[in-house]
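What follows is one structure encoded as structure tokens, with my remarks underneath.
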Amino acid sequence: TNIILLGPPGAGKGTQAKRLVEERGMVQLSTGDMLREARSSGTEMGQRVAAVMDRGELVTDEIVIGLIREKLTSGAAHGGYIFDGFPRTLAQADALGALLSELGQSLDHVIEMRVDDEVLVARITGRSTCGNCGEVYHDVTRPVPADGKCVNCGSTEIKRRADDNEDALRTRLLAYYKQTSPLIGYYHAKGQLESVNGLAAIEAVAAEISGLLGSQT
Ligand code: AP5
Ligand code: ZN
């Protein structure tokens, strides 16, 4: 089963993707994580995209399509792929469709995570992430344990993201509405769009997604 998690910054895509990895053995493909990895390992591409990401703008289609192509062609995922934060433009959606059919694979669910803008600021500005394993925390709804250690891997390297400030978030939201939200109509027209209430508690959102996926793997 290959799925897309579609939604604005802070909708909970990464949080739900991590759960699906643990519960169903799916493989998370987050273009945001891949780009941040490229930055921290100091690759030429990573340096090129750093400023764009920190402003909250989208990096070029060419770069992210290249990253996804590389992952998809380098081996099969048994539990299927979770596309998290990709596609984000119509060109990326077309490229994903072409790539999957080239590989004889299908796109099984496009799940839109519906949220209101008002909650996003609080979610994003309260977020921190484990620098070692990527586990996602929130100051209020999912605090880091008192000993400062990641629940998943025990690392104490829990950090805030450079683009999680109000200025960059405003740009990220604009980019979402302008460049990404047309994908809702795109997948709806193909009869592939499903949606869940992203405002519910993390567990409840997970249950709703599970209901859509059923027992299939
Ligand atoms: P990316 O890393 O994809 O960031 P994003 O889309 O802005 O999404 P986020 O990671 O901020 O949010 P999320 O939905 O994963 O929320 P999370 O689960 O963490 O992209 C970053 C940048 O990279 C882009 O701006 C762009 O520059 C570049 N980029 C990436 N992909 C690209 C592409 N395809 N094309 C071009 N450029 C690209 O949750 C947020 C917080 O809320 C957490 O603290 C969490 O604990 C909490 N939370 C989650 N769910 C709930 C809930 N149900 N109730 C209460 N709290 C919750
Ligand atoms: Zn960790």
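As the structure lists them, so they are numbered: ligands from 1, and atoms in each ligand from 1. These numbers were taken from a predicted model, which means no experiment stands behind them.
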### Task
Report the nearest protein non-hydrogen atom to atom 45 (C) of ligand 1: residue, atom name, distance rounded to 0.1 Å.
Thr15 OG1, 3.7 Å
### Task
For atom 43 (C) of ligand 1, find the nearest protein heavy atom and state the residue, atom name and distance (0.1 Å precision).
Val136 CG1, 3.5 Å
### Query
Side chain, backbone, both or neither: which part of Arg161 comes within less than 4.0 Å of ligand 1 when only heavy atoms are counted?
side chain
### Query
Do Leu35 and Ile63 come close enough that some side-chain heavy atom pair is under 4.5 Å?
yes
### Task
Identify whether the distance between the nearest side-chain nitrogen and carboxylate oxygen of Glu22 and Lys18 falls below 4.0 Å.
no
### Message
Quick test of your reading of the model: are Arg123 and Asp164 salt-bridged, counting only N-O distances below 4.0 Å?
### Response
no
#### Entry: Region of Glu57 that comes within reach of ligand 1 [heavy atoms, distance under 4.0 Å]
backbone
### Polar atom proximity, Val205 to ligand 1 (N or O, under 3.5 Å)
no
#### Entry: Within reach of ligand 1, part of Asp164 (heavy-atom separation under 4.0 Å)
neither
### Message
Using side-chain contact (heavy atoms from CB on, under 4.5 Å), reason through Ile68 and Ile65 one step at a time and then give a plain yes or no.
### Response
CA-CA 5 Å; Ile68 289 288; Ile65 291 167; 5.8 Å; no
### Summary
Counting heavy atoms under 4.0 Å, the part of Tyr137 that contacts ligand 1 is backbone
### Task
Report the part of Ala204 (side chain from C-beta onward, or backbone N, CA, C, O) that has a heavy atom under 4.0 Å from ligand 1; answer both or neither where that applies.
neither
### Message
With heavy-atom distances below 4.5 Å as the criterion, would you say the side chains of Leu6 and Met113 are in contact?
### Response
no
### Task
Give a yes or no answer on whether the side chain of Arg55 reaches the backbone of Thr171 with a donor-acceptor pair at less than 3.5 Å.
no
### Message
Which of the numbered atoms in ligand 1 are under 4.0 angstrom from any heavy atom belonging to Ala201?
### Response
53 (N)
### Task
Give yes if a backbone or side-chain nitrogen or oxygen of Val64 is under 3.5 Å from a nitrogen or oxygen of ligand 1, and no if not.
no
### Query
Does Ala11 come within less than 4.0 angstrom of ligand 1, counting non-hydrogen atoms of the residue?
yes
### Task
Would you mind reporting whether Pro8 and Leu173 have side-chain heavy atoms less than 4.5 Å apart?
yes
### Task
State, without any angle test, whether Gln192 and His109 hold a side-chain donor-acceptor pair at a distance under 3.5 Å.
no
### Task
Give the intermediate values and the outcome of side-chain hydrogen bond (donor to acceptor under 3.5 Å, both in side chains) for residues Asn132 and Glu157.
CA-CA 7 Å; Asn132 182 50; Glu157 217 194 299; over 6 Å; no
### Query
Measuring from Phe83:CZ to Ile111:CD1, what's the distance to the nearest 0.5 Å?
13.0 Å
#### Entry: Option of least heavy-atom distance to atom 1 (P) of ligand 1 (set: Arg172, Arg88, Met53)
Arg88
### Query
Which of these passes side-chain contact (heavy atoms from CB on, under 4.5 Å) with Asp108: Ile4, Asn2, Leu212?
Asn2
### Query
What protein heavy atom sits nearest atom 28 (C) of ligand 1, and how far off is it?
Leu35 CD1, 3.6 Å
#### Entry: Closest approach of any protein heavy atom to atom 12 (O) of ligand 1, naming residue and atom
Gly10 N, 2.9 Å
#### Entry: Nearest neighbour in protein (non-hydrogen) for atom 37 (N) of ligand 1
Val59 N, 3.2 Å
### Summary
Among non-hydrogen protein atoms, atom 56 (N) of ligand 1 lies closest to Thr141 OG1, 3.2 Å
### Query
For atom 31 (N) of ligand 1, what is the nearest protein heavy atom, given as residue, atom name and distance?
Thr31 OG1, 2.7 Å
### Query
Using a distance-only test with no angle check, is there a side-chain donor-acceptor pair under 3.5 angstrom linking Tyr176 and Asp117?
no
### Task
Using modelled atom types only, decide if a donor and an acceptor are shared between the side chain of Asn165 and the backbone of Ala168 within a distance under 3.5 Å.
yes
### Query
Between Glu135 and Arg142, is there a salt bridge with N-O shorter than 4.0 Å?
yes
#### Entry: Enumerated ligand 1 atoms positioned under 4.0 Å from heavy atoms of Gln92
33 (C), 34 (N), 35 (N), 36 (C)
### Query
Does the cation-pi check pass for Lys190 over Tyr186, that is, NZ or CZ under 6.0 Å from the six-membered ring centre and within 45° of its axis?
yes
### Message
I need the nearest protein heavy-atom contact for atom 8 (O) of ligand 1: residue, atom name and distance, please.
### Response
Lys13 NZ, 3.2 Å
### Contact check: Ser30 vs ligand 1, nitrogen or oxygen atoms, below 3.5 angstrom
no
## Note on the structure
Near the Zn ion (ligand 2) (protein N/O/S, cut-off 2.8 Å, waters excluded) we have Cys130 SG, Cys133 SG, Cys150 SG, Cys153 SG
#### Entry: Contact check, side chains of Lys149 and Ile158, non-hydrogen atoms, under 4.5 Å
no
### Query
Which bit of Ile124 gets closer than 4.0 Å to ligand 1, counting heavy atoms only: side chain, backbone, both or neither?
side chain
### Query
Do Glu112 and Lys13 sit within salt-bridge range, that is, some charged N less than 4.0 Å from a carboxylate O?
no
### Task
Say whether Gly85, considering both its backbone and side-chain N or O atoms, lies within less than 3.5 Å of an N or O atom on ligand 1.
yes
### Task
Nearest heavy atom to atom 16 (O) of ligand 1 wins, so pick from Ala206, Ala50, Gly32, Gly12.
Gly12
## Note on the structure
In this structure, CZ of Arg48 is separated from CE of Met53 (nearest 0.5 Å) by 13.5 Å
### Message
Among Arg127, Gln16, Arg123, which one puts a heavy atom closest to atom 47 (C) of ligand 1?
### Response
Arg123
### Query
Are any side-chain N or O atoms of Arg172 and backbone N or O atoms of Gly56, one a donor and one an acceptor, separated by less than 3.5 Å?
no
#### Entry: Side chain, backbone, both or neither: Ala175 near ligand 1, heavy atoms under 4.0 Å
neither
### Query
Atoms of ligand 1 less than 4.0 Å from Gly14 heavy atoms?
13 (P), 15 (O), 18 (O)
